[in-house]
Number of protein chains: 2
Amino acid sequence: MPNDKITSLDVAKRAGVSQSAVSRVFTKGASASQKTIDKVRKAAKELGYRPNVLARSLITGRSRIIGLVVAYLDNYFYPVALQKLSNALKEEGYHVMVFMASDTTKDIERVVDEMLDYQVDAIVAASVPLSSDLAGRCRDEGIPLVFFNRSQDGDNLTSVTADNFAGGREIARFLAAHRPERIGYIAGFEGASTQRDREAGFLRGLEEAGREVSSRTVGNFCSDGARAAALAMFSAPQHPDAVFVANDHMAFAVMDVLRSDLHLSVPGDVILVSYDDVPPAVWAGYSLTTVRQRTSRMVEETVRVLMNAIETGEAPPVNIKIAGPLIVRGSAPAPLGWTNWAQV
Amino acid sequence: MPNDKITSLDVAKRAGVSQSAVSRVFTKGASASQKTIDKVRKAAKELGYRPNVLARSLITGRSRIIGLVVAYLDNYFYPVALQKLSNALKEEGYHVMVFMASDTTKDIERVVDEMLDYQVDAIVAASVPLSSDLAGRCRDEGIPLVFFNRSQDGDNLTSVTADNFAGGREIARFLAAHRPERIGYIAGFEGASTQRDREAGFLRGLEEAGREVSSRTVGNFCSDGARAAALAMFSAPQHPDAVFVANDHMAFAVMDVLRSDLHLSVPGDVILVSYDDVPPAVWAGYSLTTVRQRTSRMVEETVRVLMNAIETGEAPPVNIKIAGPLIVRGSAPAPLGWTNWAQV
DNA sequence: CCGCAATCTGCATTCGATTGCATTATTCTT
DNA sequence: AAGAATAATGCAATCGAATGCAGATTGCGG
């Protein structure tokens, strides 16, 4: 079966129609008689013809490629999101091209260039900061841009995130209800909106409960940083007995430090709450009490926004926030009289 | 700065040269005088021109897109590999397009079609079985195909995997040295070469030590399956006191069952070894003794094979096996007198 | 300063589709 | 059954770049 490069012309010849006819059969929205359709489909099947997406893109100006920029895939949250995003976009006839970006501005710029080279129809930036001029470049080129799990204010750009403020506040309410002696906060990367919003909500919640943070360290959303931050916070004699760790990924490291290095019991000596509800959070070894990110909903919204922007060509910036429930597990049991609003 | 679609022609005009000249400046391997190069580069910079990869692909016949087929991204091994693969290919000027495939044959077929539609230059199949005729299709189209972390024998196809047989055998040697009463094996998905090879190596190793498996259940490489398999194996009164779980992803679930549900101590009551050494394996909550998959090396080899196949146009099938060391951690301490060959 | 080779350059074609336009075949209306 | 409206079709141009070919330029040796 030597079928080197079957083109629409080959199919046309075999079906006894013009090349345009073949194209119309495979282009939805174009009209062709049933007779033609049948002949063409038959010939195409026999030859094993499938339209060349690249050639099509060239003339339609739509590549049906979505560029996804990610910095790390080692925080479980992102692979899960990627998987869902890829599946959801497949349904719409789009595909995801992955662009890893280190944190350097220079690198991100290169990545954006590469995406534009590929004529991506839209860009999803997952936890990667795009400078205003890069975002501007995209706008100029007419390429929709959605920030996933990060927002950038000031630039009025489109984003889809969890309702981090609300989540942080709920966590405060929850921890305060335990009436702990001292409350700690292990922060994520300071430049991230997730970090900022979670902390702001947390502080607000504590304030409402008449409490405050007695100890704060920074873990930068990475394991190493979290370990160091936990050591710093809990080596002190008067360490917190309740702590909010800004995401699950760090929480695992923090728990390891507490239990293995410092021989503190969780939740016996310290109760711990975090954010994301990634798959390992339910593993019995950790069993994290955490605020769930509703990844599926977030992806759904992302796709909706993208499709809309691509189809209408315009993209009034929106900031979509998706609230998620606090999932109570072993690392911090429900305090007496606790009502979980999310589940009411 | 309204720069809607700058083409090589625009640059040509501005630089006062022909369109071909512009093309030559951006096509490596083409010749142009330094003077022309300078003029064109200058004009291009001023206009913000970058070649359209899609148009280029159309005429060169190379898209510089690599199709990656994956079934699950929830086993940590794959995101890590994806990240490395994407980075390594970027260096070579290629990019990864992700295609999620469920396990159904029908779906995989659709996915292969989609990849061909995009004119991918090569395909990497990560733990996804491609039927012989699908593989044949790829060969006919002249598209290199590499199986990553799976091999398919009989079809003489190219693959890059760990040396699973050797790893399994090493694990057997290690467990046997502990002189346990009973040895268990929790298998992965029976259709997978990784499962087959790891078990074969394990059995061979046990045989060499004059031991055998007393209990075997199947976990199918997934968490739920592993939990069920562990319950079945360890609820019996005379359960094993040493177990090899076919990969880390399952091992986490198995440890949870052992410790939390059955109140067995690991490594006190049961010693446990698994395979992969994914990032959570080092988390103190689990601290798995496991055989490392040398992902970086595997990716390196994959890229090498791919580039070679793409450039030469021919791809004599090879099966690359990369051995990895047994990493001894808490779930199974080193037995007395143990020499770790890998580290000698 | 001439001739020949080597290097550049532009023209025109090509890759594989889509699509506006003009023409022809169908269907519908009454 | 005739004419109008509609659907189907083919022609040819187009998308944005790469490249074979032929002619122009340059360089070099003598």
Side-chain angles (χ1 to χ4, degrees), chain A residues 3-41 43-44 47-65 93 116-121 141-142, chain B residues 3-41 43-44 47-65 93 113-114 116-121 141-142:
Chain A
N3 58 351
D4 224 359
K5 294 301 160 209
I6 305 297
T7 75
S8 58
L9 198 61
D10 300 325
V11 178
K13 286 211 194 90
R14 178 175 253 260
V17 298
S18 75
Q19 182 265 334
S20 351
V22 176
S23 168
R24 284 193 247 261
V25 170
F26 286 94
T27 313
K28 66 173 188 141
S31 73
S33 70
Q34 194 56 48
K35 213 171 60 183
T36 307
I37 294 182
D38 293 343
K39 281 192 298 187
V40 170
R41 282 246 133 80
L47 294 173
Y49 168 78
R50 310 206 91 221
N52 180 327
V53 177
L54 266 35
R56 170 181 293 168
S57 302
L58 186 55
I59 193 151
T60 60
R62 320 209 136 292
S63 63
R64 306 194 81 83
I65 299 177
L116 297 181
D117 291 351
Y118 273 99
Q119 314 293 116
V120 297
D121 284 348
E141 304 258 0
Chain B
N3 59 351
D4 224 359
K5 295 300 161 207
I6 306 296
T7 75
S8 58
L9 199 59
D10 300 322
V11 178
K13 286 210 195 91
R14 180 174 252 261
V17 298
S18 73
Q19 179 267 328
S20 351
V22 176
S23 168
R24 287 189 174 106
V25 171
F26 286 95
T27 311
K28 65 172 191 143
S31 75
S33 70
Q34 194 56 48
K35 212 171 59 183
T36 306
I37 294 182
D38 293 342
K39 281 193 296 186
V40 169
R41 282 246 131 82
L47 294 173
Y49 167 79
R50 309 205 91 223
N52 180 326
V53 178
L54 265 35
R56 171 181 290 170
S57 301
L58 187 56
I59 194 152
T60 60
R62 319 208 137 293
S63 63
R64 305 196 81 85
I65 298 176
D113 280 342
E114 288 174 4
L116 298 182
D117 291 351
Y118 273 98
Q119 314 293 117
V120 297
D121 284 347
E141 304 259 359

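Just the heavy atoms: all of them, side chains too, but no hydrogens, waters or symmetry mates, feed the values below. From a predicted model like this one, the values you see are computed outputs, not experimental measurements.
Here B:Arg50 lies in heavy-atom contact (under 4.0 Å) with sugar-phosphate atoms only. Contacts of A:Thr27 with the nucleic acid, taken as non-hydrogen atoms under 4.0 Å apart, involve only primed sugar atoms and P, OP1 or OP2. B:Thr60 comes within contact range of the sugar-phosphate backbone alone, with a heavy-atom separation under 4.0 Å but no base atom that close. Residue A:Ser20 is in base contact, counting any heavy-atom pair closer than 4.0 Å across all strands shown. Note on B:Val17: only backbone sugar-phosphate atoms sit closer than 4.0 angstrom, heavy atoms only; bases stay farther off.
Looking at B:Ser57, its side chain has no donor and acceptor atom pair within 3.5 Å of the base of C:dC15.
Look at CZ on B:Arg24: it is 11 Å from P on C:dC8, rounded to the nearest Å. If you measure from atom CG of A:Leu9 to atom P of C:dT18, you get 13 Å, rounded to the nearest angstrom. Look at NZ on A:Lys5: it is 13 Å from P on C:dC15, rounded to the nearest Å. Atom P of nucleotide C:dT18 and atom CG of B:Leu58 are separated by 12 Å, given to the nearest angstrom. Between B:Phe26 atom CZ and C:dT9 atom P the separation is 15 Å, expressed in whole Å. Rounding to whole angstrom units, CZ of residue A:Arg62 and C1' of C:dA17 are separated by 16 Å. As rounded to whole Å, 10 Å separates atom C1' of C:dG16 from atom CD1 of A:Ile59. To the nearest angstrom, P of C:dT27 lies 13 Å from CD of A:Gln34.
Residues A:Asp121 and A:Ser63 come closest through the heavy atom pair OD1-N, 2.9 Å.
Each of B:Leu54 and A:Thr36 was matched to the nucleotide of DNA chain D holding its nearest heavy atom; the match closer to the 5' end belongs to A:Thr36. Heavy-atom distances to DNA chain C give each of A:Val22 and A:Lys35 a nearest nucleotide, and the one nearer the 5′ end belongs to A:Val22. If B:Ser33 and B:Ala55 are placed on DNA chain C by their nearest nucleotide, the residue sitting closer to the 5' end is B:Ser33.
Contact of the B:Lys5 side chain with the A:Glu141 side chain is registered, since non-hydrogen atoms from C-beta on lie closer than 4.5 Å. Between B:Arg14 and B:Leu47, the closest side-chain pair of non-hydrogen atoms falls below 4.5 Å. At least one side-chain heavy atom of A:Val17 sits less than 4.5 Å from a side-chain heavy atom of A:Lys39.
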Listing, residues 24-33 of chain A side-chain donor-acceptor contacts under 3.5 Å, not counting sequence neighbours, or none:
residue	atom	partner	partner atom	Å
A:Thr27	OG1	A:Ser23	O	2.6
A:Ser33	OG	A:Thr36	N	3.2
A:Ser33	OG	A:Thr36	OG1	2.8

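B:Ser8 places no side-chain N or O within donor-acceptor distance of the main-chain N or O of B:Val22, the cut-off being under 3.5 Å. Of the possible donor and acceptor atoms, none in the side chain of B:Asp38 sits under 3.5 Å from a partner among the backbone N and O of B:Lys35. At distances below 3.5 Å, at least one donor-acceptor pair connects side-chain atoms of B:Arg64 with backbone N or O atoms of B:Gly93.
Between chain B and DNA chain D, the heavy-atom contact criterion of under 4.0 Å yields a 5' to 3' nucleotide range of D:dG16 to D:dC21.
Remark: B:Ser18 is in phosphate contact with C:dG10, judged by side-chain N or O atoms under 4.0 Å from OP1 or OP2.
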